[in-house]
S.K.: 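Take this structure, written in structure tokens, and hold onto it; I'll ask about it next.
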Amino acid sequence: MPEGVIVKALSGYYYVKPLREGKISPEDEIVQCRARGIFKKRGQSPLVGDRVIYSLTENGEGMVDELHPRDSELIRPPVANVTLAVLLFSVREPDLNLQLLDKFLVHIEHSGLDTIIVLTKRDLAEEDGEGIAHVKELYEQIGYEVMVTSSRTGSGSEELRKRLAGAISVFAGQSGVGKSSLLNRLVPGLSLETSEISMRLGRGRHTTRHVELMDIGDGGYVADTPGFSQLDFLELGVEELSACFREFVPLAAECKFRGCSHLHEPGCRVIEAWEAGEISDSRYEHYKLFFNEMKDKKRRY
Ligand SMILES: Nc1nc2c(ncn2[C@@H]2O[C@H](COP(=O)(O)OP(=O)(O)O)[C@@H](O)[C@H]2O)c(=O)[nH]1
Ligand SMILES: [Mg+2]
Ligand SMILES: [Zn+2]
């Protein structure tokens, strides 16, 4: 029986892209499918990104018969089998906010997704090449992949498209950082609304949108995530926070006290590394800030 991936879900239909030998095959047409009633009875709901077994029905449509187990499942946007989170931050308009970037990174580390940081709107900061290079280096040293793009000039977009080949990715970032503009660059012929247009048309437009995987070529699919600004993941405990700062992890194992908070303990390797300049001020500051925020929240409930 044929296998495929659900690339769109709309009004009770699932749009399935056939798989050949486990790979999405570009030449095959999408099959419009219904899902078996059994899913509903089991309380299961097929998701965009699900790998499925389907059969063809007489009317040229198909039927989703079985779901393969999921490797991952995001709640918002509701997409299965995402492996990569593409974190978009503009260098200008709005200005780069490292605190927010670190917050997104904490959530992504916690989710276990792989991630790429994309700094967008490079054309707006031509005079600040050094500032951008500094941020890029800061995060690369920690072990993150960083790309710099401009949807105005097109720079960096082909490199990103190649990087996303063969995976299901989600684009994450605040509204206005240029997610739709970049997707329009990646997919020839695509014309997602960008914020200028949607502001003119009013907000209501966004609400009827559905989740869809966009084919960006070479087996790469990106979840279009209208109106979502933050990935929602399970609640994070304060004791899990330091593990979400990648560069702290190998050091934390050498702290004198088990369960070290890295805030004031003697013999703390993280504090030592920060004092020696091996951990950046901004990263350590944000760690402290998030730690205290989480503590405060806990106290309030
Ligand atoms: N100068 C410049 N403006 C951009 C770039 N990318 C997006 N924009 C503008 O930024 C605004 C928000 O872009 P949009 O793609 O809608 O952002 P989204 O909300 O993240 O999807 C729009 O006015 C775009 O024209 C870029 O690379 N350079
Ligand atoms: Mg958008
Ligand atoms: Zn410590």
Side-chain angles (χ1 to χ4, degrees), residues 77 85-97 100-101 104 117-128 132 147-160 169-187 190-201 203 205-212 214 222-231 238-245 247-276 278-279 283-284 287-288 291:
V86 181
L87 205 44
L88 290 98
F89 273 80
S90 51
V91 295
R92 292 275 183 285
E93 300 180 16
D95 282 348
L96 196 51
N97 177 342
L100 196 61
L101 174 57
F104 268 83
I117 298 167
V118 176
L119 303 178
T120 62
K121 309 195 189 183
R122 161 186 241 164
D123 60 286
L124 294 178
E126 285 307 351
E127 81 294 349
D128 191 26
I132 297 173
M147 291 188 176
V148 188
T149 63
S150 164
S151 300
R152 192 59 46 91
T153 67
S155 78
S157 62
E158 184 52 23
E159 197 186 350
L160 178 64
S169 313
V170 286
F171 272 26
Q174 282 175 289
S175 163
V177 297
K179 296 180 293 296
S180 301
S181 304
L182 191 53
L183 279 169
N184 285 340
R185 269 279 176 188
L186 296 180
V187 187
L190 185 71
S191 53
L192 295 176
E193 283 174 30
T194 57
S195 67
E196 277 164 343
I197 302 166
S198 53
M199 268 193 292
R200 229 182 297 138
L201 293 171
R203 296 211 134 245
R205 274 238 146 183
H206 289 289
T207 54
T208 55
R209 294 281 295 278
H210 51 274
V211 180
E212 183 169 352
M214 277 171 303
V222 176
D224 175 17
T225 56
F228 107 105
S229 58
Q230 277 211 312
L231 293 164
V238 71
E239 66 288 345
E240 296 172 285
L241 182 64
S242 83
C244 296
F245 280 73
E247 71 275 46
F248 292 14
V249 173
L251 298 164
E254 293 170 22
C255 289
K256 188 165 164 195
F257 297 107
R258 271 180 67 194
C260 182
S261 71
H262 320 306
L263 296 178
H264 45 66
E265 291 87 343
C268 172
R269 280 287 295 125
V270 173
I271 295 175
E272 282 170 22
W274 167 58
E275 283 169 349
E278 292 155 17
I279 288 176
R283 291 278 292 171
Y284 188 66
Y287 170 73
K288 282 201 292 194
F291 190 98

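Whatever order the structure lists them in is the order used to number ligands and atoms, beginning at 1. These values consider heavy atoms only, across backbone and side chains, with no hydrogens, waters or symmetry-generated copies. We number each residue from 1, following the sequence as shown. Since we're looking at a predicted model, the values are computed, not measured.
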S.K.: So, 4.0 Å and heavy atoms of G173: is ligand 1 close enough to count as a contact?
M.R.: no
S.K.: Using modelled atom types and a 3.5 Å cut-off, is there a donor and acceptor pairing between side-chain atoms of K121 and backbone atoms of G178?
M.R.: no
S.K.: Test side chain to side chain contact (heavy atoms under 4.5 Å, CB included) on Y284 and F245 and set out the steps.
M.R.: CA-CA 9 Å; Y284 188 66; F245 280 73; over 6 Å; no
S.K.: What's the verdict on side chain to side chain contact (heavy atoms under 4.5 Å, CB included) for V222 and V86, showing C-alpha distance, side-chain angles and the deciding distance?
M.R.: CA-CA 9 Å; V222 176; V86 181; over 6 Å; no
S.K.: In this structure, does ligand 1 have an atom that sits under 4.0 Å from one of the heavy atoms of D123?
M.R.: yes
S.K.: To the nearest 0.5 Å, how far apart are CD in E272 and SG in C255?
M.R.: 8.0 Å
S.K.: Taking salt bridge (Lys or Arg N to Asp or Glu O under 4.0 Å) as the cut-off, I'd like each qualifying pair that reaches into residues 247-268, sequence neighbours left out, listed once.
M.R.: E247-R283, E254-R269
S.K.: Could you work out, with salt bridge (charged side-chain N to carboxylate O under 4.0 Å, His left out) as the rule, every residue matching D128, not counting sequence neighbours?
M.R.: R92
S.K.: Starting at CD1 of I132, measure out to CG of L96 and round the result to the nearest 0.5 Å.
M.R.: 8.5 Å
S.K.: Compute the shortest N/O to N/O distance between G178 and ligand 1 and return yes if it is under 3.5 Å, no if not.
M.R.: yes
S.K.: Using 2.8 Å as the cut-off, note every protein N, O or S atom close to the Zn ion (ligand 3).
M.R.: C255 SG, C260 SG, H262 ND1, C268 SG
S.K.: For R122, is at least one N or O under 3.5 Å away from an N or O on ligand 1?
M.R.: no
S.K.: From the options R152, Q174, K179, select the one whose nearest heavy atom is closest to atom 25 (O) of ligand 1.
M.R.: R152
S.K.: Purely on distance, is any nitrogen or oxygen of S181 under 3.5 Å from one on ligand 1?
M.R.: yes
S.K.: Show the nearest heavy-atom pair for residues A223 and V170, with the distance to one decimal.
M.R.: CB-CG1, 3.6 Å
S.K.: Looking at non-hydrogen atoms alone, which of S90, G154, S151, P94 comes nearest to atom 27 (O) of ligand 1?
M.R.: S151
S.K.: Please say whether more than 12 non-hydrogen atoms of neighbouring residues, nucleotides or ligands are located less than 6.0 Å from CD in E158.
M.R.: yes
S.K.: Between R185 and R152, is there a donor-acceptor pair closer than 3.5 Å when you use the side chain of the first and the backbone of the second?
M.R.: yes
S.K.: Output all residues satisfying ring-ring contact (aromatic ring centres under 6.0 Å, His included) with F89, sequence neighbours left out; order by chain, then residue number.
M.R.: F104
S.K.: Is S180 close enough that one of its N/O/S atoms sits under 2.8 Å from the Mg ion (ligand 2)?
M.R.: yes
S.K.: What atoms of ligand 1 come within less than 4.0 Å of a heavy atom belonging to L124?
M.R.: 1 (N)
S.K.: Going by the angle between their ring planes, with limits at 30° and 60°, are F248 and Y287 parallel, tilted or perpendicular?
M.R.: perpendicular
S.K.: Just jot down the ligand 1 atoms closer than 4.0 angstrom to any heavy atom of V177, in number order.
M.R.: 17 (O), 20 (O)
S.K.: So if I count the atoms of ligand 1 from 1 in the order they appear, which ones are less than 4.0 Å from some heavy atom of S150?
M.R.: 27 (O)
S.K.: If you measure every N or O of T194 against every N or O of ligand 1, does any of those distances drop under 3.5 Å?
M.R.: no
